[in-house]
**Q** 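After the structure tokens below, expect a handful of questions from me.
Reminder, nothing fancy here: chain letters follow the sequence lines and each chain counts from 1. Please read all numbers here as calculations on a predicted model, not as lab measurements.
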2 protein chains.
Amino acid sequence: MSATYNFCAGPAMLPTPVMAKAQAEFINWQDNGCSVMELSHRSKVFMQLAAKAEADLRSLMNIPANYKVLFMHGGGRGQFSAVPHNLLPEGGKADYVISGSWSKAAAKEAANYGEINTVEVVTKTDESQTVLAPADWALSKDAAYVHYCPNETVDGIEIFDIPETGDIPLVADMSSTIMSREIDVSRFGLIYAGAQKNIGPSGLTIVIVREDLLGNARLTTPSVLNYQLAASNDSMYNTPPTFAWYLAGLVFEWLTELGGVKAIEQVNKEKAALLYDYIDSNNFYVNNIDSQYRSLMNVPFWLTDESLNDAFLAEAEQAGLLALKGHRSVGGMRASIYNAMPLAGVQALVDFMTDFADRNKLK
Amino acid sequence: MSATYNFCAGPAMLPTPVMAKAQAEFINWQDNGCSVMELSHRSKVFMQLAAKAEADLRSLMNIPANYKVLFMHGGGRGQFSAVPHNLLPEGGKADYVISGSWSKAAAKEAANYGEINTVEVVTKTDESQTVLAPADWALSKDAAYVHYCPNETVDGIEIFDIPETGDIPLVADMSSTIMSREIDVSRFGLIYAGAQKNIGPSGLTIVIVREDLLGNARLTTPSVLNYQLAASNDSMYNTPPTFAWYLAGLVFEWLTELGGVKAIEQVNKEKAALLYDYIDSNNFYVNNIDSQYRSLMNVPFWLTDESLNDAFLAEAEQAGLLALKGHRSVGGMRASIYNAMPLAGVQALVDFMTDFADRNKLK
């Protein structure tokens, strides 16, 4: 089979060397006589694996010592309720910045727990989309926290500047941007990310939380979503998703060997520039997002002649370029180009797009 | 490496043919050009896989049409809160039958949600442990539901008779007994099971729920633990743990080929009889549980001379018999002999135990 490139938004492709290693040691992990997924989470060998994965992530993201790193169940969506369950007092208020589908969904779920002040920051016309600069967001003075989504997977909008929220904790859904570029963790109260984009398979969620925010869960907070319980028990209050944790650890090792987040950020910028520059160079494809807010990870684009959509997708798949269909809510195409996507994959996509445009312009 | 047998209580061993198949197709699943874990959960091929896994489980357990089967996040522990979140009205009462560590933990968490009537059913002395027959349990007349744990993984106590609760829904934590023996699903309102014993890797939870119990979740129930949302969205309201779902599907296929639950029940009875009969045949090892309530899946046993514990464990591991250490709360040893454990594994354990006893009696 020839090389394929998988542009799925998530569950997304994992680094090729990681998958090769996981396959090789799938049945007998480090000569333990069984798979890593058949080990007790409380066995010494698994605890070592778990601790190393955490240490590697801390190092990659330069996570300060006063932050806990939690490996949880429930996906990014689980955090839509875990955040208010743990951080929003009964009768309290939180700010939710709305920049696309996922931040909107987070705000909707949070509204079950208290007063939610939504702050819309995207301006859309048929021709363009832009975002209000974080410095100009109309945030409350008395919110328990401010929630935003720095990268909107569906909409392809990324907010690079970190809002300044003073003493109010800043909470970020980084599911599709974590480890793709350097960020200053100390600016955040809490960061969460479903694993299935830049970390590992689905079913694992990473939470990075400042210690002073622990211990405030509601009585009705499920124990599996309780940050304090997870923190006090090294994320083993219940059996964690061990195989996903292991794969995440391999991804952290892979990224460390590549030079870390700083190094992959350069590759990510190069990949994104290659694709956006090509899209902007012609009238066959379009991406209408303000260039300052274009996502490095998720690149939606539309064919000017949408009657060609089906042919584009079918031919792309034949060329080994998988999962390019856009999210149903926005249509068109979407190329998710997470850390695991090599530059060669984006080049192959641009080559195909060029060829497809050439062939179809002539008709 | 010589054959090893893994007696871990969970995450537990998976069937050898399942692991071999998963390894072979790990990188390129069914010629899709990527791993099954790199596919969108909403792709046609994954949806087919998911539907087949559900159909196979329905067939294996003979699940009536008026029950939904949900593939959820959060492990068995997640259900400790999901059950009251979905089934216990504010101000309502539920009965929790206490037969060991896990039912006790479930009752403890449920107490955050309402009035919990605990019903202790185990009688313990230094010499023996027995269980009150379900017909004699002092259940309430007005409980929203009755919760029990038919097999206590830590304690090695299994309750084979299903309690009769009339119109009150019966809820069972079947994490360590699901698919090990035939049960009449129609007797239950809800069954749940963490996957990591008889189903697949950790991180997946199966919920089987009668349809009339859906739709009563509290406002503050996290969407990822909301049965109605899971049921209405084919367990894809959020991204499910796709690789675990896939492995569960392979386990269901494996069990179906073996002849289903009826066939494996015979093997399980044979395995358990082999081990218990040997333990009872000598004074070197002891299991003090009433033979009517001995678990088919988790066999705790103690060395009469506990000073030999460390030697027993070290020599067992050298003999390829892994993870036999008992749970810290009860000490001694524990052999978990789930569906995936072949009779040969139990025979190897009995042979080792015999040899160890012979050698150490002479000293």
Side-chain angles (χ1 to χ4, degrees), chain A residues 1 4 6 8-14 16 19-20 22-23 26-28 31-35 37-41 43 73-78 80-82 84-85 109 112-113 194 196 200-204 218-225 237-244 247 320 322-323, chain B residues 1 4 6 8-14 16 19-20 22-23 26-28 31-35 37-41 43 73-78 80-82 84-85 109 112-113 194 196 200-204 218-225 237-244 247 320 322-323:
Chain A
M1 214 182 81
T4 59
N6 178 2
C8 189
M13 72 174 290
L14 290 166
T16 306
M19 293 301 286
Q23 182 178 40
F26 190 72
I27 283 186
N28 183 14
D31 213 21
N32 280 287
C34 65
S35 164
M37 77 176 75
E38 297 168 309
L39 285 169
S40 170
H41 53 298
S43 62
H73 292 259
R77 174 81 70 170
F80 289 2
S81 53
H85 257 298
E109 183 148 355
N112 294 334
Y113 300 93
Q196 69 271 19
S202 61
L204 172 70
R218 297 182 178 195
L219 180 65
T220 58
T221 301
S223 60
V224 297
L225 295 178
Y237 186 70
N238 72 328
T239 312
T242 54
F243 190 68
L247 277 173
L322 311 179
Chain B
M1 216 182 76
T4 58
N6 177 2
C8 188
M13 71 174 290
L14 290 166
T16 306
M19 294 301 286
Q23 183 178 38
F26 190 73
I27 282 185
N28 184 13
D31 213 21
N32 281 287
C34 65
S35 164
M37 77 177 73
E38 296 167 309
L39 284 169
S40 170
H41 53 297
S43 63
H73 292 259
R77 174 81 71 171
F80 290 1
S81 54
H85 258 297
E109 182 148 356
N112 295 335
Y113 301 93
Q196 68 272 20
S202 60
L204 172 70
R218 298 183 178 194
L219 180 66
T220 57
T221 301
S223 60
V224 297
L225 296 177
Y237 186 71
N238 71 327
T239 311
T242 54
F243 191 67
L247 278 173
L322 311 179

**Q** Examine whether an atom of A:A9 lies under 4.5 Å from a heavy atom of chain B, and if so say whether it belongs to the side chain, the backbone or both; otherwise answer neither.
**A** neither

**Q** Check each atom of B:L204 against the heavy atoms of chain A and say whether the ones under 4.5 Å are side chain, backbone, both or neither.
**A** neither

**Q** Going by the rule side chain to side chain contact (heavy atoms under 4.5 Å, CB included), which residues pair with B:S40 if we only count those two or more places apart in sequence or in a different chain?
**A** A:C8, B:R42, B:S43

**Q** Do B:P11 and A:T239 make a side-chain contact, defined as non-hydrogen atoms from C-beta onward lying under 4.5 Å apart?
**A** yes

**Q** Sort out for me which of A:T242, A:N238, A:N112, A:V224 touches chain B most, counting heavy-atom pairs under 4.5 Å.
**A** A:N112

**Q** Examine whether an atom of A:Y237 lies under 4.5 Å from a heavy atom of chain B, and if so say whether it belongs to the side chain, the backbone or both; otherwise answer neither.
**A** both

**Q** Please classify the contact between A:P240 and chain B as side chain, backbone, both or neither, with a heavy-atom cut-off of under 4.5 Å.
**A** backbone

**Q** Less than 4.5 Å to any heavy atom of chain B: does that hold for the side chain of A:Q23, its backbone, both, or neither?
**A** both

**Q** Report the option among A:G10, A:P241, A:P222, A:G76 that has the most heavy-atom pairs separated by less than 4.5 Å from atoms of chain B.
**A** A:P222

**Q** Should B:Q196 and A:F243 count as side-chain neighbours, where that means a heavy-atom distance under 4.5 Å?
**A** no

**Q** Flag the one option from A:S81, A:G78, A:G74 with the top tally of heavy-atom pairs under 4.5 Å to chain B.
**A** A:G74

**Q** What pair of heavy atoms forms the shortest contact from A:H73 to B:G203, and how long is it?
**A** CE1-CA, 3.9 Å

**Q** Counting N and O atoms only, with roles assigned by atom type, does the side chain of A:N6 sit under 3.5 Å from a partner on the main chain of B:E38, one being a donor and the other an acceptor?
**A** yes

**Q** Nearest 0.5 Å please: distance from the OG1 atom of A:T4 over to the CG atom of B:N32.
**A** 9.5 Å

**Q** Give, as side chain, backbone, both or neither, the part of A:L225 having an atom under 4.5 angstrom from any heavy atom of chain B.
**A** side chain

**Q** About how many Å separate OG1 of B:T16 and CD1 of A:I27, when rounded to the nearest 0.5 Å?
**A** 8.0 Å

**Q** If the condition is side chain to side chain donor-acceptor pair (under 3.5 Å), which residues does A:T221 pass it with, not counting sequence neighbours?
**A** A:H85

**Q** Which answer fits B:L322, side chain, backbone, both or neither, if we ask what part of it has an atom under 4.5 Å from a heavy atom of chain A?
**A** side chain

**Q** Tell me, side chain or backbone of A:S202 under 4.5 Å from chain B's heavy atoms, or both, or neither?
**A** both

**Q** Which atoms of A:A244 are under 4.5 Å from chain B, going by heavy atoms: the side chain, the backbone, both sets, or neither?
**A** neither

**Q** As a quick check of understanding, evaluate side chain to side chain contact (heavy atoms under 4.5 Å, CB included) for B:M13 and A:C34, giving each step before the final call.
**A** CA-CA 8 Å; B:M13 71 174 290; A:C34 65; over 6 Å; no

**Q** Relative to chain A, which segment of B:A82 carries a heavy atom at a distance below 4.5 Å: side chain, backbone, both, or neither?
**A** neither

**Q** Quick one: does B:T220's side chain get under 4.5 Å of A:T220's, heavy atoms only?
**A** yes

**Q** Quick one: of A:A12, A:G194, A:P201, who has the most non-hydrogen atom pairs under 4.5 Å with chain B?
**A** A:A12

